[in-house]
Amino acid sequence: MSRALENRIRVYRAEHRLSQGDLADIIGVSRKTISTIEVGRFVPSTVIALKIARHFGVPVEQVFSLAEP
Amino acid sequence: MKKEETLAQFVDRFMQRTALAVLVMSLAYASSAVSHFVSEQTAEYLMWAKTAFALGGGAIVLPVVVKFVRLRMKKDKSCSGSPTGYMASMFNKAAERAFATGFIFMIILEPLSQHLVADWPPAFFIQSTLSVMIAALGINFFLLNRDEGDELDDDFESENYGSKEPGA
């Protein structure tokens, strides 16, 4: 499990009223991929991270950030 | 109404089926390996078991392989096996662990085959190594994918969001 990478996917999903399955379909991954990214169990590839950020219309750093040491 | 399976979900299912099939196939190789050390009659039963395991493994994976090939023939790039999703990543990790397990197993077998069990048939060493390696692949895949409570609730109505900016 990776806690080094924090993310705000759930916040953005809530703002956009999207379920994990909806976002997964839009990005082209499975719902399991989205759920495991959200809880920090899976560190996504750069492509997935950029697709998520692009969908929400924000820079990738606003969705993903490094945890404070 | 049942929601249609997306390509990403299909790729996940394909990998789950493959892992299950290799786990069953490992039993087929284990049956072959054991058959060298049992009576002729028991060896015959084990050969039947091996055939059953091999057919079972094939039956598990065949439907998804057929669908996968059909999608590939349609030149669907989503089925190109790009390892970006969670399942693909876990499958790769399981394969790495299986390779390491097989490597360690062979290192252990190597001195044994020269001294303690020098008269054992060479086929046993190949079959047992294959069995251990593919069993390790299947077991590791399912261990890595076991549910650890990552299924979050999607009910946004009852919760408060948007409270914290990253690094704030």
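This is a predicted model, so every value here is computed, not measured. Here is how names work: the chains are called A, B, and so on, in the same order as the sequence lines, proteins then strands, and each is numbered from 1.
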Kindly give the heavy-atom pair with the smallest separation between B:Asp12 and A:Lys32, and that separation in Å. OD2-CB, 4.2 Å
Please enumerate all residues that pass side-chain contact (heavy atoms from CB on, under 4.5 Å) together with B:Met25, with sequence neighbours excluded. B:Ala54, B:Ile134
Would one find more than 12 heavy atoms of other residues, nucleotides or ligands at under 6.0 Å from atom CZ of A:Phe56? yes
Between the CG atom in B:Leu144 and the CZ atom in A:Arg41, the distance rounded to the nearest 0.5 Å is 8.0 Å
A:Gly28 to B:Ala8 - nearest heavy-atom pair and separation: O-CB, 3.8 Å
Check for me, please, whether B:Leu137 and B:Leu27 land in the same ILVMFWY cluster - side-chain distances under 4.5 Å, paths through other members count. yes
Hey, is CZ on B:Phe103 packed in by over 12 heavy atoms from elsewhere, all under 6.0 Å? no
Donor-acceptor pair, distance only, cut-off 3.5 Å: does the side chain of A:Thr33 make one with the backbone of B:Tyr86? yes
